[in-house]
Amino acid sequence: MNVWDEDKAPVPQVAAVPLSQRATAARGAPYLDDLNPAQRAAVEALDGPVLMLAGAGTGKTKALTARIVHLLRQGRARPNEILAVTFTNKAAREMKERVGRLLGEVAEGMPWMGTFHSLSAKILRRHAELVGLKPTFTILDTDDQLRLLKQLIAAANIDEKRWPARLLAGLIDGWKNRAWTPEKVPSSEASAYNNRGTELYEAYQARLKTLNAVDFGNLLLHCVTIFQTREDVLQQYQRWFRYILVDEYQDTNVAQYLWLRLLAQSHKNICCVGDDDQSIYGWRGAEVGNILRFEKDFPGAQVIRLEQNYRSTGHILAAASGIIAANKGRLGKTLWTAGEPGDKLRLIGHWDGEEEARWIGEEIEAIQRGTRGHEPIDLNHQAILVRASHQMRAFEDRFLTIGLPYRVVGGPRFYERQEIRDAMAYFRLAVSPDDDLAFERVVNLPKRGLGDTAQSKINQLARAAQVSLLDGAREALAKGVIGGKGASQLRAFVDGVDRWHAVTFHPEYDHIRLAETILDESGYTEMWRNDKTPEAPGRLDNLKELVKALEQFDNLQGFLEHVSLIMDNDTEGAEEKVTIMTLHAAKGLEFPVVFLPGWEDGLFPSQRSMDETGLKGLEEERRLAYVGITRAEELCTISFASNRRVYGQWQSQLPSRFIDELPADHVEVLTAPGLYGGGYGAAAQVGFGSSLEDRVSKADVYNSPGWKRMQENQSHRPMRQPQEARHVVIDAEALSPYVLGDRVFHQKFGYGEIMGIEGDKLDVEFDHAGTKKVVARWVIPADQVDEVPF
DNA sequence: CGGACCCGGTTTTTT
DNA sequence: ACCGGGTCCG
């Protein structure tokens, strides 16, 4: 396939454009001028349902923003009559900026551009009473949610050990994703959580209502409930939102789908943008079905495909297309590029994960200097994309050793950090002293001598009197049920909260000063100053940053609302760094140079994914591979290792089945220059002692095109035969060269005796290191120690 | 109340 | 291997 040959590229249909609009364009609307025909069609098809199928790197955000500008310029809607939905705050922010730029400075107004959750919160505040809430409801994050569930589980006399709260939380989230209120959970789910799932779901919802709180799922669920039960309210919004736009439609779950369908039902001016090939969030409730079904849901929908890719070179694009072609049930797109074929995608195997990290580190530095006819590419333009975050460690270790600057994207977000959440709990108490969850979090933080006993007293009193925990604490103090030093400290805490709360009503209330006062008077900053652990200074910095963030808000309330829905993690400096992140986090991003390590069956595709959802899971993994490759603009390198330490145990790994799916014409197989001869030899013999199933799948690998390709590549290359290769011979001669009782030698553990054999793994009782499970390849017969040095 | 020790789980992540 | 949570004991 010659994907970069423009002549063979399918020519998208251009929708008929009314004369009036052509006139506008001709008069020079810059936002229309630099669109390709497909993008332009997507921008100009304003009325009725439109599905914009936008492949990776085809300029979908450009089209989406141009469409918004077009709606405004054409006078179809005022800024506040357009509902534009994204998944992340980052995406919403970017879209606002881009629209603002296109419109020329007028970035304001577009109040209904935001995430599903922030828009739902906005709507829900106006109609809170319809679902039994007050408009001031608080939004709980997953941590609060979990603690609440734990309480309910304990109250229901369930052993949280056997039935973890996480499990229940997952179930409830799943039900909410499907827009099931407790009454609507189908009976097929009745056995969930030891038959008590629905019961606890109901209790949880009731408890949230009492707390005047919602979790993330409830924001959507409550909105859908209101839309479904109150025709008048729904109609009001249907009239208000004349045009609806949705980004990343392939990631919507059922609740979000209903939310959209209800709102779009009357006028059907809904434009959904997405790419079924980039649906990678099925595990958290996203339904690819939503996008696959669009034309059925909205009869007469126009489907516009954006297929010209502006990001990647021809070989990269072709390799990605080759991989994704193995998936069934796609809507189908043919990406093409008018650009250069560029370099073939590179494939390389390594002995183990450390070797892989070492090689990639060197390669990154070489590319940074400029190699093989490439201009130097700086570190900011290079990225390593991994399947699972634990893979990052090998790279961090290596890069620290060689002093290669890197940045890890992901990890806990700013607002999820412990110190931020603690501070927020204090703020929440100041704003609403009845916030019991906040009370529980900080009543003994810093330590105030209020342990379990004291807290359960407070709890009892509060429950008996049907009052908040803060009032329960007052009661406890009045009754003198709290012991000595705890009592005086509790007194100070309660008084503090009262004082802070009072300030929020003061005419000269300055929320920034108040925040500082709270953190000071509570002893919270003091606590971290006295903390000698290495992360304490960072936490104090974060607290400062938190206070600084308050400047952008008028009061604490506004800030709390904002933070409960928003993450801001973009505090990275300008220093040049390689990016390390997960494939999931990389969606929507692009880099000139991309490394995709760890392409090994079980790791990628992830075993768990395949076990849990079978073919569906495998296809999602394949889309993840597609997402990974399509992040690369110029150079994409896939690698795998033959051995990897998994949960502390060495494991033999097989190259990923996705490697065999790469179209050969677009791949160059590299041989690692290191001591290990590239590791293919190693890959060839791993697992010979494993289970029957393993051997069967191994045979498949040997017969696969990808494997043969690599063998060919090997054959005309004089490969160094290092120590490992000799072990290969030993391993290959017999399933296991050892029998019970054999004396062996291990480089790290020394001499020992084999006590058990399980496939290629041996239980060895070492003379000085105790009993360990080791891979046979790592030991040699004790009597050969002198012959085969390590 | 805090520190030492044991046990279990371990993909991906947003709001 | 490593982390978090729970338990036990000083």
Side-chain angles (χ1 to χ4, degrees), chain A residues 85-92 114-121 139-146 150 159-162 164-167 170 173 176-177 214-221 248 251-253 255-256 279-286 353 385-394 397 409-413 415-416 418 444 446-455 483 485-486 561-569 581-588 598 602-613 617 620-621 623-624 627-628 644-651 772-773:
Chain A
V85 199
T86 62
F87 269 86
T88 64
N89 292 295
K90 193 166 158 233
T115 63
F116 277 104
H117 291 88
S118 68
L119 293 167
S120 295
I139 301 165
L140 304 186
D141 58 35
T142 37
D143 213 65
D144 292 324
Q145 185 189 16
L146 212 57
K150 279 184 182 164
D159 180 10
E160 214 256 331
K161 265 202 173 132
R162 278 193 64 196
R166 297 205 148 280
L167 178 68
D173 276 348
K176 288 183 176 177
N177 285 340
V214 294
D215 60 17
F216 289 124
N218 267 2
L219 287 169
L220 282 156
L221 188 58
E248 307 280 14
D251 290 338
T252 50
N253 60 36
Q256 288 157 340
S279 162
I280 55 175
Y281 285 108
W283 52 272
R284 65 176 198 208
L385 310 181
V386 299
R387 174 64 182 85
S389 47
H390 63 74
Q391 289 173 263
M392 293 179 177
R393 241 190 83 176
D397 284 353
V409 175
R413 330 236 154 276
Y415 73 94
E416 278 171 3
Q418 190 193 334
N444 198 30
K447 295 270 178 279
R448 295 191 175 88
L450 301 162
D452 290 345
T453 350
Q455 288 193 46
K485 76 173 181 188
E561 162 87 26
H562 176 82
V563 174
S564 59
L565 286 170
I566 264 166
M567 64 128 182
D568 258 315
N569 211 13
M581 63 172 125
T582 63
L583 288 163
H584 284 91
K587 188 159 79 137
L603 178 58
F604 187 44
S606 137
Q607 192 58 49
R608 190 158 162 185
S609 197
M610 293 185 292
D611 289 348
E612 281 172 9
T613 42
E620 184 155 309
E621 296 285 310
R623 291 192 291 266
L624 210 41
V627 167
R644 200 173 281 279
R645 209 173 1 206
V646 187
Y647 303 138
Q649 296 278 310
W650 280 100
Q651 276 204 334
K772 312 261 181 206
K773 211 182 251 303

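Quick note on labels: first sequence line is chain A, next is B, and so on, each numbered from 1.
Residues A:Phe87 and A:Ala388 both approach DNA chain B. Their nearest nucleotides, taken by heavy-atom distance, put A:Ala388 toward the 5′ side. Each of A:Leu624 and A:Arg448 was assigned the nucleotide of DNA chain B with the nearest heavy atom; the assignment lying further toward the 5' end belongs to A:Arg448.
Where stacking is scored as ring centres under 5.5 Å apart with planes under 30°, A:Phe116 does not register as stacked on the base of B:dT15.
In this structure, the nucleotide among B:dC1, B:dT12, B:dT15 sitting nearest to the side chain of A:Thr582 is B:dT12. The side chain of A:Ala585 has B:dT13 as its nearest neighbour among B:dT12, B:dT13, B:dT15. Which of B:dC1, B:dT12, B:dT10 sits closest to the side chain of A:Asn444 comes down to B:dC1. Distance from the side chain of A:Arg387 is smallest for B:dT12 among the nucleotides B:dT12, B:dT13, B:dT15. Side-chain atoms of A:Thr88 lie closest to B:dT15 of the nucleotides B:dT13, B:dT15, B:dC1. Distances from the side chain of A:Arg284 to the nucleotides B:dT12, B:dT14, B:dT15 place B:dT14 closest. Among the nucleotides B:dT15, B:dC1, B:dT10, the one closest to the side chain of A:Thr142 is B:dT15.
Every residue meeting the side-chain contact (heavy atoms from CB on, under 4.5 Å) condition with A:Asn444, not counting sequence neighbours, appears here in chain and number order: A:Lys447, A:Arg448, A:Leu450, A:Gln455. For A:Asp159, there are no side chain to side chain donor-acceptor pair (under 3.5 Å) partners, not counting sequence neighbours.
Residues A:Thr582 and A:Met392 are in side-chain contact: their nearest non-hydrogen atoms beyond the backbone lie under 4.5 Å apart. With contacts defined as side-chain heavy-atom distances shorter than 4.5 Å, the pair A:Phe604/A:Gln391 does not qualify. Taking the side chain as every heavy atom from C-beta outward, A:Met581 and A:Val386 never approach each other to under 4.5 Å. Side-chain contact check for A:Lys176 versus A:Asp215: some heavy-atom pair is nearer than 4.5 Å.
A:Gly217 comes within contact range of no nucleotide atom at all, as no heavy-atom separation falls under 4.0 Å. Within the 4.0 angstrom heavy-atom criterion, no nucleotide atom of any strand lies near A:Arg162. Using a 4.0 Å heavy-atom distance criterion, A:Leu450 is classed as a sugar-phosphate-only contact. Contact annotation for A:Ser606: base contact, defined as any heavy-atom pair under 4.0 Å involving a base atom. Contacts of A:Gln256 with the nucleic acid, taken as non-hydrogen atoms under 4.0 Å apart, are absent.
The nearest whole Å value for the distance from the CG atom in A:Leu167 to the C1' atom in B:dG9 is 13 Å. In this structure, CG of A:Leu219 is placed 17 Å from P of B:dT14, rounded to the nearest angstrom.
Side chain of A:His117 to main chain of A:Leu219: no donor-acceptor pair is present (N/O by atom type, distance under 3.5 Å, no hydrogens or angles).
Counting 5' to 3', DNA chain C first comes under 4.0 angstrom of a heavy atom of chain A and last does so at the ends given by C:dA1 to C:dC2.
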